[in-house]
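This report concerns only the one structure given below.
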Amino acid sequence: MDLHSAQRIAEAEAARTGLGTGPNRRLRLTLIIGMPLFLPVLGVMLLVPKSLANDVLYVYEGGIVGCLLHYVWVFAKYPRYTGRPPYLTRDLAMGGGFFLPSLFFGFWPGMIAAPAWALFVGVAYALDVRREGHGHR
């Protein structure tokens, strides 16, 4: 086993467990921080004066948009399945998880974009695998 193969195996194991490394880590942290943040946001909205509650909500909705744009940015850096680090396709599809906080607050752009993003990643993966399969015949 050469050094490159050993390094790939170590990276794959790190990506599969825990937070991973590189883009896997960034996407997982984006999801872990952004998605459950709706609970503290709700608490803040209940504590601030009513005149500021909508502002708090708008900031969080902007954060959801920013998180989804981060997923798009990582996908743009690794558009082909064969060029992605291990488990990155799975982590990219997890961006669909932003549907739940969007639904909770009635943020319709997030309710549309999050599941559409997960569907896009799945279709892109299927097309990429199919393209690679036809190229070997």
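Throughout, numbering of the chain's residues begins at 1 and tracks the sequence.
To the nearest 0.5 Å, the span separating CG on L27 from CD1 on I32 amounts to 11.0 Å. Atom CG in L52 sits 11.0 Å away from atom CE in M45 (nearest 0.5 Å). Interatomic distance, CG of L68 versus CH2 of W117, reported as 8.5 Å (0.5 Å rounding). Distance check, rounded to the nearest 0.5 Å: CG of L92 to CG of N24 gives 8.5 Å. For the atom pair CE (M35) and SG (C67), the distance works out to 11.0 Å, reported to the nearest 0.5 Å. Here the CG-CZ distance, from L42 to F105, works out to 5.0 Å after rounding to the nearest 0.5 Å.
Residues R130 and Y125 fail the side-chain proximity criterion, which asks for heavy atoms closer than 4.5 Å.
Ring centroid separation for the pair Y60 and F38 does not come in under the 6.0 Å cut-off.
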Quick one: side chains of residues 94-101, donor-acceptor pairs under 3.5 Å with protein atoms, not counting sequence neighbours, listed by atom name and distance.
none

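Remark: R26 engages no residue in a side chain to side chain donor-acceptor pair (under 3.5 Å) (not counting sequence neighbours).
Residues G110 and S102 come closest through the heavy atom pair CA-OG, 3.3 Å. Shortest non-hydrogen contact noted between P23 and P85 is CG-CG, 3.8 Å.
Cluster annotation: F104 is connected to L37 through the hydrophobic network of ILVMFWY side chains, with a link wherever side-chain heavy atoms come within less than 4.5 Å. L31 and I33 end up in different hydrophobic clusters when Ile, Leu, Val, Met, Phe, Trp and Tyr side chains are linked at under 4.5 Å. If you chain together hydrophobic residues whose side chains sit under 4.5 Å apart, V59 and V48 never meet in one group. Linking ILVMFWY side-chain heavy atoms closer than 4.5 Å, directly or via other members, places L88 and V129 in two distinct hydrophobic clusters. A continuous path of Ile, Leu, Val, Met, Phe, Trp and Tyr side chains, each step under 4.5 Å between heavy atoms, connects V72 with F75, placing both in one hydrophobic cluster.
For the side chain to side chain donor-acceptor pair (under 3.5 Å) condition, the pairs that include at least one residue of residues 65-83, sequence neighbours left out, are T30-H70, R80-D128, R80-E132.
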Chi angles and distances behind the side-chain contact (heavy atoms from CB on, under 4.5 Å) call for D55, Y58: CA-CA 5 Å; D55 295 334; Y58 295 150; 4.2 Å; yes
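Panel note: side chain R28, backbone D91; no donor-acceptor pair is recorded below 3.5 Å.
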